[in-house]
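For the numbers below, each heavy atom of this structure counts, side chains included, while hydrogens, waters and symmetry mates do not.
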Amino acid sequence: MRRLAATAIAVLAVTSLAVAARTAAAAPATGHYIVVLRDTAALRRAPANRIHRDHDYHHVLTGFSAALSPAELAALRTDPGVRYVVPDGAVHPDAGGPYRSDYGASEATGAGVTVYLADCHDESDVVRRVAPAAQIVPVPVCAGPESAVIAAIDEITRQHQGPSVLSLGLSAGPSRALDDAVAASVTAGVVPVVSAGGTTIAGGAGGSACGRSPGRSAAVITVGVDAVRDFGTCLTLFAGTPLVAAAAALYLEAHPTAPPAAVKAWLIANAATGVLHRLPTGTPNRVLNIRAADATGWRSPRVMERSI
């Protein structure tokens, strides 16, 4: 009965997330914007109430996304109820696996923890290998507009109950709206594990995590998958976004009320150091290090990293 209930919850979650992210496959159109308001009252008055809106945000932002005419844009930018208006940018997926799997056995299973998995590579099997009892909820967002990703984060924040992790294998250029949305989700208790974003940059040259959203935020766990293309002081550690999300689920199984900052601190404190070579100056030399949980605490560290 418990398994049936969990399955039903997962189906409902996927359905509502699919509705929230229904435009995620399309690139943002020219003239498309994200509008962040000071309060919900601004939604009920002109000019916002006269605009055809693609997404409304209620939980991580108060606002909406829409295609705006020049006149609508000008009216919103002078409205005292509007905090800011920004162009709707594009998000891109990270490189994904394959990842090394020499993480050893764990008595922890991630039971009681929900992992929201937003990536383009269907890496649920990666999470299951590490945290087999975690409830995995696929999030149907991939390359597309920031507005759709924010809508999915808004819905995750609304529906999550108990310890929850968001694995976000996506990144964008610097984005105030995306950063604010993820920060609000963190405040609500969701642990954000996000891509550093270097492998999403065209040309293969990579880039600093400090130039990508939401990985540049100190509130998130920023994960590199490639020691050549992912770098920067904003990076938390190397492994793979779904692997770190699964490790977070193991920690939350034993510490279900731990805030996101405590999960990040644990991952940093237990990371293997000095494993990688020739990293750019300032890039943390940390690789995910999982320890099995049992009645006596954390034990038997094993290193996991992507083959590079």
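Within the 3.5 Å criterion, the main-chain N or O of Ala42 finds a donor-acceptor partner in the side chain of Asp39. Under the 3.5 Å distance criterion, the side-chain polar atoms of Asp79 are left unmatched by any main-chain donor or acceptor of Ala75. With hydrogens and angles ignored, the 3.5 Å screen pairs no side-chain donor or acceptor of Asp94 with any backbone N or O of Leu170. Judged purely by atom type and a 3.5 angstrom limit, Ser217 has no side-chain atom pairing as donor or acceptor with the backbone of Ser213. The closest donor-acceptor contact from the side chain of Asn270 to the backbone of Trp266 lies under 3.5 Å. Side-chain atoms of Ser185 do not come within 3.5 Å of backbone N or O of Ala181 as any donor-acceptor pair. Looking only at distances, a side-chain donor or acceptor of Arg38 sits under 3.5 Å from a matching main-chain atom of Pro80. Between the side chain of Thr62 and the main chain of His58, no donor-acceptor pair closer than 3.5 Å is present. Side chain of Asn49 to backbone of Arg44: a donor-acceptor contact under 3.5 angstrom is found. Proximity of a side-chain donor or acceptor of Thr283 to a complementary backbone N or O of Gly232 within less than 3.5 Å is detected.
Considering OG of Ser167 and CD of Glu123, their distance stands at 7.5 Å, rounded to 0.5 Å. To the nearest 0.5 Å, the span separating CD on Glu155 from NE2 on His59 amounts to 7.0 Å. Rounded to the nearest 0.5 Å, atoms CZ (Phe238) and CZ (Phe231) are 10.0 Å apart. Once rounded to the nearest 0.5 Å, the distance linking CD1 of Ile34 with CZ of Arg176 reads 12.0 Å. To the nearest 0.5 angstrom, Asn285 atom CG is 10.5 Å from Leu235 atom CG. Residue Ile153 holds its CD1 atom at 12.5 Å from OH of Tyr116, rounded to the nearest 0.5 Å.
Taking a cutoff of 4.0 Å between a charged side-chain nitrogen and a carboxylate oxygen, Asp125 and Arg129 qualify as a salt bridge.
Using a 4.5 Å cut-off on side-chain heavy atoms (C-beta onward), Pro214 and Leu168 make contact. For the pair Ser147 and Tyr33, the minimum side-chain heavy-atom distance is 4.5 Å or more. Contact of the Val35 side chain with the Leu68 side chain is registered, since non-hydrogen atoms from C-beta on lie closer than 4.5 Å. Side-chain contact check for Asp230 versus Val225: some heavy-atom pair is nearer than 4.5 Å. The shortest distance between side-chain heavy atoms of Val223 and Thr236 does not fall below 4.5 Å. With contacts defined as side-chain heavy-atom distances shorter than 4.5 Å, the pair Leu178/Arg212 does not qualify.
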Could you give me the CA-CA distance, side-chain angles and deciding distance for Val130 and Leu250, then say whether side-chain contact (heavy atoms from CB on, under 4.5 Å) is met? CA-CA 8 Å; Val130 179; Leu250 299 184; 3.9 Å; yes

Could you go step by step and tell me if Thr40 and Leu37 meet the side-chain contact (heavy atoms from CB on, under 4.5 Å) rule? CA-CA 7 Å; Thr40 56; Leu37 307 173; over 6 Å; no

Residue pair Asp88, Ser65: steps toward the side-chain hydrogen bond (donor to acceptor under 3.5 Å, both in side chains) verdict: CA-CA 8 Å; Asp88 190 5; Ser65 66; 5.4 Å; no

side-chain contact (heavy atoms from CB on, under 4.5 Å), that's the test. Do Leu252 and Val165 meet it? Break it down for me. CA-CA 9 Å; Leu252 287 169; Val165 182; 3.6 Å; yes

Show your working on side-chain contact (heavy atoms from CB on, under 4.5 Å) between Asp154 and Leu61 and close with a plain yes or no. CA-CA 8 Å; Asp154 195 68; Leu61 300 174; 5.7 Å; no

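With respect to Val191, the side-chain contact (heavy atoms from CB on, under 4.5 Å) criterion is satisfied by exactly one of Leu267, Val244, Ile221: Ile221. Shown are Thr233, Thr222, Asp179; of these, the side-chain hydrogen bond (donor to acceptor under 3.5 Å, both in side chains) with Arg216 is made only by Asp179. Residue Ser164 forms a side-chain contact (heavy atoms from CB on, under 4.5 Å) with just one option from Val113, Thr114, Ile156, and that option is Thr114.
With sequence neighbours excluded, no residue forms a side-chain hydrogen bond (donor to acceptor under 3.5 Å, both in side chains) with Arg45.
Checked by atom type, the side-chain pair Asp122/Ser124 shows a donor-acceptor distance below 3.5 Å. For the residue pair Asp54/His32, the side-chain donor-acceptor check at 3.5 Å is satisfied.
Ala172 and Val91 make their closest contact through CB-CG1, 3.9 Å (heavy atoms, listed as atom of the first residue, atom of the second, distance). When all heavy atoms of Phe64 and Ala48 are compared, the pair lying nearest together is CE2-CB, 3.8 Å. In terms of heavy atoms, Leu279 sits closest to Pro284 at CD1-O, 4.0 Å.
Hydrophobic clustering (side-chain heavy atoms under 4.5 Å, transitive across Ile, Leu, Val, Met, Phe, Trp, Tyr) groups Val86 together with Ile150.
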